[in-house]
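Hydrogens, waters and symmetry mates are skipped; everything else that's a heavy atom, side chains included, is used.
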Amino acid sequence: MPIAFHPDPESTQDVTADAPAEQTGGGSRSTQRPRDPLTERILARGDASVSTVTYSSSSDGEQLDLADRQALRRVAGIRTDIEDVTEVEYRQLRLERVVLAGLFTTGNAEDAENSLRELAALAETAGSEVLEAVMQRRAHPDPATFLGKGKAQELADVVAETGADTVIADGELAPSQRRALEDIVKVKVVDRTALILDIFAQHAKSREGKAQVELAQLEYLLPRLRGWGESMSRQAGGRVAAGGAGMGSRGPGETKIELDRRRIRTRMAKLRREIAEMAPGREAKRADRKRREVPAVAIAGYTNAGKSSLLNRLTGAGVLVENALFATLDPTVRRAQTPDGREFTYADTVGFVRHLPTELVEAFRSTLEEVADAHLLLHVVDASHPDPEGQIRAVREVLSDIDGFDVPEIIVLNKADVAQVETIARLRSQVEDCVVVSARTGEGIEELRDLIAERLPRPAAEVDLVVPYTRGDLVSRAHAVGEVLAEEHLAEGTRLHARVDAALAAELGAASAAAS
């Protein structure tokens with residue numbers, strides 16, 4: 001059953017500056033205002049990656065986590081405006097009615113619109129409603145205001161006309177650019193990095209995930225602290241300079257902004273220690289799999305490409321599935337078997353996105369270790385997206401930052417039930433190992449399972465011996481982690497012809513020799 005969560009893309013309700021507003025619980029009821037063609041194209045959900053519904057299938061389980069998340073969705077029309085835009089650094093962003101501002105220096109207008117469409121989906125995932133969008137073509141971003149002077153004033157007019165409370169820039173703004181743009185548009189300005197960090201803060205559930213997100217947020221915040229008038233003023237000596245405070249207040253002191261920076265650095269150091277202390281637990285789990293030589297398959301890809309849906313279809317894991325960007329952040333590991341009985345693990349990882357903040361790449365480096373240690377990589381691609389090749393490049397760019405990354409890759413073209421046939425044919429001609437699937441309908445899943453079984457490394461040692469019945473545990477392990485070629489029950493024991501790892505081969509040989 002589809003679960004709708006995005007604001008209605010067909011709605012043309014916006015707030016005009018001159019129209020009277022009807023107040024309802026701190027909000028305003030907007031009047032009719034036609035959108036410009038650019039906004040209509042960006043908000044038109046023509047591709048499944050940012051469509052208006054979340055489709056569930058029988059393999060997704062009960063999805064209780066999704067029900068909890070839907071229960072906390074923001075209600076359209078309830079406003080959370082703040083009087084002072086300078087509060088933006090010290091509060092979790094609660095966006096509501098936003099205007100997008102895009103800038104493209106290379107490529108074409110279609111690429112820029114795809115980027116703005118993705119920014120609109122990010123904004124809606126964070127809990128806001130997109131009203132309008134403006135775009136400018138420039139050779140370089142304006143060093144003062146990101147957009148040019150004229151376009152920034154046009155953006156201010158759009159904000160005033162629609163009654164928006166936030167502007168989201170499609171890029172990372174320097175602190176001076178954000179402050180200058182806020183002075184022009186008179187509402188708070190958020191860049192793409194802050195928006196992604198806010199989504200991560202909303203969706204992180206595990207202790208490690210929350211620590212990683214907080215560390216990334218503090219790294220982003222530290223260079224963007226700024227003084228706020230008298231509240232950040234420096235203490236000074238003398239009765240007059242100290243505002244009449246007199247004795248005990250003399251001396252240069254320390255500015256409040258310096259105190260805040262010191263507190264942030266202290267908190268960052270503590271978070272880094274906590275994350276480092278969690279590493280042994282991950283290493284112990286991986287060491288156990290390595291000791292038993294259990295192959296690992298990592299599922300990676302662009303955000304909202306269908307990684308969690310694919311994991312549910314392959315293993316019945318019941319991981320949260322939602323048609324939203326970065327819906328799931330915490331890695332999930334599930335055990336599975338090949339058709340011939342060999343055990344291996346699937347590891348679902350955090351999704352990637354264009355211009356992924358460097359703070360997140362560093363904070364989630366421990367999560368990316370699951371990809372680096374895998375024996376096989378399932379690179380999930382949304383075949384219904386307008387620019388799937390751009391998604392593939394973005395994912396490979398992030399993976400290239402992992403030290404020593406060299407994992408065989410299978411491209412999984414997902415959402416085949418809604419993708420264009422021409423797009424699938426084009427993608428298949430560009431990649432080597434490729435399989436077309438639909439995690440929602442189950443199309444191509446068996447072909448994918450067979451390809452995974454073929455690509456996984458096989459045990460190196462081949463044994464053909466008789467194992468006494470008293471050592472049935474060794475036969476069971478051979479079935480679990482090896483490849484049994486033939487099995488026969490004799491009077492003296494089980495004749496086993498199998499491929500197993502070197503350690504198990506030695507144990508089988510010792511047991512057979514002891515029995516004979």
Side-chain angles (χ1 to χ4, degrees), residues 277-299 311 314-317 331-349 366-378 402-410 433 446 448-516:
E277 289 170 359
M278 300 174 196
R282 296 191 307 269
E283 290 294 338
K285 294 176 182 177
R286 279 199 293 266
D288 182 62
R289 294 198 295 266
K290 290 179 180 177
R291 185 174 62 254
R292 299 179 58 194
E293 299 191 16
V294 178
V297 176
I299 303 176
L311 180 67
L314 290 169
T315 66
T332 303
V333 179
R334 290 292 184 271
R335 189 176 294 274
Q337 282 188 339
T338 62
D340 55 9
R342 287 176 291 151
E343 284 191 353
F344 66 99
T345 59
Y346 285 110
D348 186 18
T349 61
S366 59
T367 303
L368 298 178
E369 293 172 1
E370 293 287 349
V371 180
D373 291 341
H375 296 85
L376 184 65
L377 174 66
L378 298 187
I402 303 176
D403 295 334
F405 178 77
D406 184 19
V407 180
E409 177 188 59
I410 296 178
D433 281 337
E446 292 306 318
L448 175 60
R449 283 196 175 104
D450 294 338
L451 187 58
I452 291 172
E454 180 184 336
R455 294 289 189 272
L456 281 176
R458 295 181 178 274
E462 184 173 346
V463 296
D464 188 355
L465 40 73
V466 177
V467 183
Y469 289 121
T470 56
R471 296 308 308 271
D473 59 314
L474 296 178
V475 178
S476 177
R477 282 175 55 191
H479 279 278
V481 301
E483 183 180 0
V484 177
L485 304 177
E487 186 179 20
E488 183 181 1
H489 296 288
L490 306 175
E492 60 273 20
T494 303
R495 181 178 177 270
L496 188 67
H497 183 200
R499 288 194 183 95
V500 294
D501 60 76
L504 182 55
E507 290 187 58
L508 287 169
S512 177
S516 61

What's the spacing between Arg495 CZ and Glu492 CD if we round to 0.5 Å? 11.0 Å

Could you tell me whether the side chain of Val475 reaches within less than 4.5 Å of the side chain of Glu487, counting heavy atoms only? yes

Could you check if a side-chain atom of Ser476 sits within less than 4.5 angstrom of a side-chain atom of His479, using non-hydrogen atoms only? no

Closest approach of Val484 to Ala498 (non-hydrogen atoms, all atoms of both residues): CA-CB, 3.8 Å

Report the C-alpha separation of Thr345 and Arg334 in whole Å, then their side-chain angles, then the decisive distance to 0.1 Å, and conclude whether the side chain to side chain contact (heavy atoms under 4.5 Å, CB included) test is met. CA-CA 6 Å; Thr345 59; Arg334 290 292 184 271; over 6 Å; no

To the closest 0.5 Å, what do you measure between CG (Leu378) and CD1 (Ile299)? 5.5 Å

Tightest non-hydrogen contact, residues Ala511 and Pro468, listed as O-CD, 3.8 Å

So do Glu462 and Leu485 actually touch side chain to side chain, heavy atoms under 4.5 Å? yes

In Å, rounded to the nearest 0.5 Å, how long is the span from NE2 of His375 to CZ of Phe344? 12.5 Å

Glu488 and His497 side chains, donor-acceptor separation under 3.5 Å: no

Indicate yes or no: at least one non-hydrogen side-chain atom of Val407 is less than 4.5 angstrom from one of Glu409. no

Validation row: Leu376, Pro295 side chains within 4.5 angstrom (heavy atoms): no

For Leu465 and Val467, the nearest pair of non-hydrogen atoms, with its separation, is CD1-CG2, 3.5 Å

Contact between Leu496 and Val466 at the side-chain level, heavy atoms closer than 4.5 Å - yes or no? no

What pairs with Glu454 under side-chain hydrogen bond (donor to acceptor under 3.5 Å, both in side chains), at least two apart in sequence or on another chain? none

The test is side chain to side chain contact (heavy atoms under 4.5 Å, CB included); show your working for Ile410 and Leu377 and say whether it passes. CA-CA 6 Å; Ile410 296 178; Leu377 174 66; over 6 Å; no

Just verifying a value: how many Å separate Ser512 OG and Glu507 CD, rounded to the nearest 0.5 Å? 13.5 Å

Asp433 vs Arg455 side-chain heavy atoms within contact, under 4.5 Å: yes

Interatomic distance, CD1@Ile452 vs CG@Leu456, rounded to 0.5 Å, equals 7.0 Å

Distance check, rounded to the nearest 0.5 Å: Thr315 atom OG1 versus Tyr346 atom OH? 8.0 Å

